[in-house]
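Letters go in sequence order (proteins before strands), and every chain restarts at 1. Nothing here was measured: the structure is a model prediction, and the numbers come from that model.
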Amino acid sequence: MGFIEELKWRGMLQDMIPETEDYVNSGSASAYIGFDPTSDSLHVGNLATIMLLVHFQRYGNKPIALVGGATGMIGDPSGKSAERNFLDEGQLRLNQNCIEKQLRQFLDFDGDAAAVVVNNYDWMKKISFLDFIRDIGKHITVNYMMAKDSVKNRIEGQGISFTEFSYQLVQGTDFYHLFSEMDCKMQMGGSDQWGNITTGVELIRRKRGDKAFALTCPLVTKADGSKFGKTESGNVWLDRERTSPYKFYQYWINASDEDAVKLIKVFSLKSKEEIESMILQHEKEPHLRIIQKALAEELTERVHSKSDLTKAIEATNILFGKSTKDQLVDLSERDILEVFEGVPTFHIGRDDLSSSPGIIDFLAGTTEILSSKGEARRSVKENSISVNKEKVGDAKLVSDSDLISDKYIVVQKGKKQYFLVVVD
RNA sequence: GGGGGGAUACCAAAGCGGUCAAAUGGGGCAGACUGUAAAUCUGUUGGCUACGCCUUCGUAGGUUCGAAUCCUGCUCCCCCCA
C-alpha cells in the first residue's frame, strides 16, 4: 500500500492534482504543510494535517512544516467573513517557537527523511514590494484570483482588503520558494486550503514551466454539526497548560460512536487490519467504547506521555467509575491533588465550616461554585448536587465531618462537573 | 444628500399603556433512559432576607396613578432613492 492508498482508506483524501500519486511513489518525495502561528500552541483541529505529514514521512518521504510567520501577518481570508487583526512580530516569533516544539512530538527529525521546520518570514522579509509585483504578481491574473471561493465570497459579502486578497499569492510564493530552494514539489493541507494551494501550483507552472503536486484532506467534522476540537470552554489544545492531559483524554473518550469511527481512522497510527477489526467490535458492542478508549489512549500518550496517560486513566476511574464515598475517603492527599488537577478549586477558611452552613449558602456563599443562591436552590431541587459522591437535599449542612483528609470536599454538579473545596 | 425600518434576556424573535421578569424557537444546565455516546422525554434558564420585594427591554430625559410599550434628545445598525 502506498501513501495515497493509505489516505484513501482513512478517509483523508479530498482533492488531488493529477499525477500526484506518481510523484509520491517515486521514492523520496518532499511535501510541506503550513501552520498558522496565531497562537502559541496547536490544537486538535491542527492534528489532521499533522497526521498527513506523519503518514507521508512513514512512507519514506521528507515532510516540511512551514510556520507561517509572514502569512500570519496577513490573514487568510478562507473561511473568514471579516478582516483579521495583525499580530506583531515578537508575538509571532514566540508562537513559532512553541509550535515547532509541538511538531517535534509527531515527526522524526533524524535520518534520510528527516523533517524540517521552516518559517516563511525568513524569505518573505527579503522580497521587496516591487520584486513581488514584478516577479510574482505578473504571472497570475486578477481574474484567476477572484475566481477562488475564498475571495469571491468576500467580494460578494463584507468586502476584502487588498492585503487579504493578495494572501493566495503570498502562499503561492512560499510554494514557489520551497520548490526552487528545497526541491519540495508538493503541498498538502486541509480542504479549505485548496484554492490557495492551486494558486501556488499555477505560479510554478507559469513561472518555471514545472509541474507541482498537491492534495488536501477533508476537514474533520462531527455528526451533530458542532465544531471538531472544541468544547464548551474553547479549543482543545496540545499544550498541557491550556488543556490538561486529563481533559485532553476526556475529549476523546467523549466522542460519539459515530464520530469515533471517523476519528480513529484519521488519528490512529494503528494498521488498517487492526482498526477495521476494532470498528467491527465497536459496532457489535458499542457500550464498551473500545474506539473511544483506544483513541484517547493513543493520543494522550503521543501528545503528552505514558505517565500522563496513566494518571488520566486513574483520575477517570475515580471520577467516573463506580467509586463511592468510601473510596474517595481512602484517597491520600497526594492522590486527591492529582486526580483533581485542573478541576475548579475553591479555598475556604476553617471557620467557614464551624457554623455548619446549609448547602445553599455553601454553594453560593461560602464558595462561589454556583453564581447565585437561586441557581443553588434550583440545582439542589433538580437533584444534581453531590457532596463527596453522595446526592444531597436542601436540608444538608456542610461541616467538618464532610472533610476528606481533614482538608477537602468534593462537590459535583451533575455527572461531569467537579469542584474541589480546600480548607486552608 | 433624501426617504423608510430597527435596537427586547446567551442567540433569534414576539410583545406596542396595566393581567410582562417579558410568548415562542434555538442554545445552555439538570433529571430519566443509557455506556461519561446518540436519539428521546421531563424540568429549568435575572437577583433577593421569596405567596412579597428589587433590578432589567440601546442610551439620557419627559408624559402618566402606571411605560418594554407614548413623547424628546443622543448613539449604533439595516434597507430604498440620489
Side-chain angles (χ1 to χ4, degrees), chain A residues 81-82 156-159 220-234 236 243-265 267 278-297 299-300 309 311-324 327-328 339-344 355 357-366 368-387 389-396 410-419:
Chain A
S81 56
E156 289 164 5
Q158 301 265 313
V220 180
T221 55
K222 294 209 294 185
D224 64 3
S226 61
K227 204 176 169 228
F228 169 73
K230 286 221 173 201
T231 64
E232 320 73 54
S233 45
V236 179
T243 300
S244 71
Y246 166 74
K247 285 199 184 122
F248 184 85
Y249 177 86
Q250 282 289 322
Y251 182 74
W252 301 100
I253 282 285
N254 272 307
S256 73
D257 290 353
E258 208 178 327
D259 292 336
V261 171
K262 265 197 298 191
L263 297 180
I264 197 156
K265 288 200 255 179
F267 296 115
M278 284 172 79
I279 293 174
L280 279 177
Q281 270 190 69
H282 170 76
E283 279 162 359
K284 228 187 296 171
E285 303 178 290
H287 58 283
L288 295 181
R289 290 182 295 155
I290 294 166
I291 296 200
Q292 283 92 335
K293 284 178 186 161
L295 258 177
E297 285 172 16
L299 288 166
T300 305
L309 169 62
K311 284 182 204 159
I313 293 175
E314 278 168 8
T316 294
N317 288 339
I318 290 165
L319 297 182
F320 290 103
K322 302 253 185 304
S323 69
T324 59
Q327 285 174 42
L328 209 55
V339 166
F340 290 97
E341 193 194 341
V343 163
S355 55
I359 186 68
I360 306 296
D361 291 323
F362 182 75
L363 291 171
T366 315
E368 286 163 354
I369 291 173
L370 299 179
S371 57
S372 73
K373 291 188 183 174
E375 193 185 349
R377 270 186 211 100
R378 196 186 314 127
S379 300
V380 170
K381 202 174 78 200
E382 284 170 337
N383 196 28
S384 71
I385 299 296
S386 302
V387 171
K389 284 270 176 186
E390 290 181 341
K391 294 278 187 191
V392 298
D394 57 5
K396 167 75 180 174
V410 173
V411 179
Q412 268 170 283
K413 175 169 183 271
K415 273 180 235 170
K416 297 188 184 178
Q417 293 189 56
Y418 279 86
F419 304 90

Checklist entry - Who is the Watson-Crick or G-U wobble partner of B/G25, with both distances under 3.5 Å? => result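 B/C11 is the nucleotide pairing with B/G25.
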Next on the checklist: Which nucleotide, if any, forms a Watson-Crick or G-U wobble pair with B/G1, using both distances under 3.5 Å?
Outcome noted: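 With both distances under 3.5 Å, B/G1 matches B/C81.
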Checklist entry - Can you give one letter per nucleotide of nucleotides 42-50 of chain B, 5' to 3': B if a protein heavy atom sits under 4.0 Å from the base, S if only from the sugar-phosphate, - if neither? => result -BSS-SSSB
Next on the checklist: Holding to salt bridge (charged side-chain N to carboxylate O under 4.0 Å, His left out), I want the full list of residues that pass it with A/Lys262, two or more places apart in sequence or in another chain.
Outcome noted: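 For A/Lys262 there are no salt bridge (charged side-chain N to carboxylate O under 4.0 Å, His left out) partners, ignoring immediate neighbours.
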Using the [atom1] atom on both, measure [N] against [M] and round to a whole Å.
N     : M     : atom1 : result
B/A68 : B/G17 : C1'   : 11 Å
B/G62 : B/G18 : P     : 22 Å
B/U56 : B/C51 : C1'   : 23 Å
B/C11 : B/C81 : C1'   : 33 Å
B/C53 : B/A22 : P     : 14 Å
B/A30 : B/C80 : P     : 45 Å
B/U63 : B/C54 : C1'   : 25 Å
B/G46 : B/C20 : P     : 16 Å

Checklist entry - So do the side chains of A/Leu263 and A/Phe228 get within less than 4.5 Å of each other, counting heavy atoms only? => result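 Sidechains of A/Phe228 and A/Leu263: in contact.
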Distances under 3.5 Å between nitrogen or oxygen atoms of protein and nucleotides 52-55 of chain B:
none

Next on the checklist: Expressed as a whole number of angstroms, how long is the span from A/Asn383:CG to B/G31:C1'?
Outcome noted: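 Computing the A/Asn383:CG to B/G31:C1' distance gives 8 Å.
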Next on the checklist: Please report the distance, rounded to the nearest Å, between CD in A/Glu258 and C1' in B/G35.
Outcome noted: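 Result: 16 Å.
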Checklist entry - Start at the 5' end of RNA chain B and walk down; is the nucleotide closest to A/Ser379 or to A/Ala255 reached first? => result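 First, find each residue's nearest nucleotide; the 5'-ward one identifies A/Ser379.
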Checklist entry - Do you know which two heavy atoms are closest between A/Ile318 and A/Val339, and how far apart they sit? => result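 Here A/Ile318 and A/Val339 meet closest at CD1-CG2, 3.6 Å.
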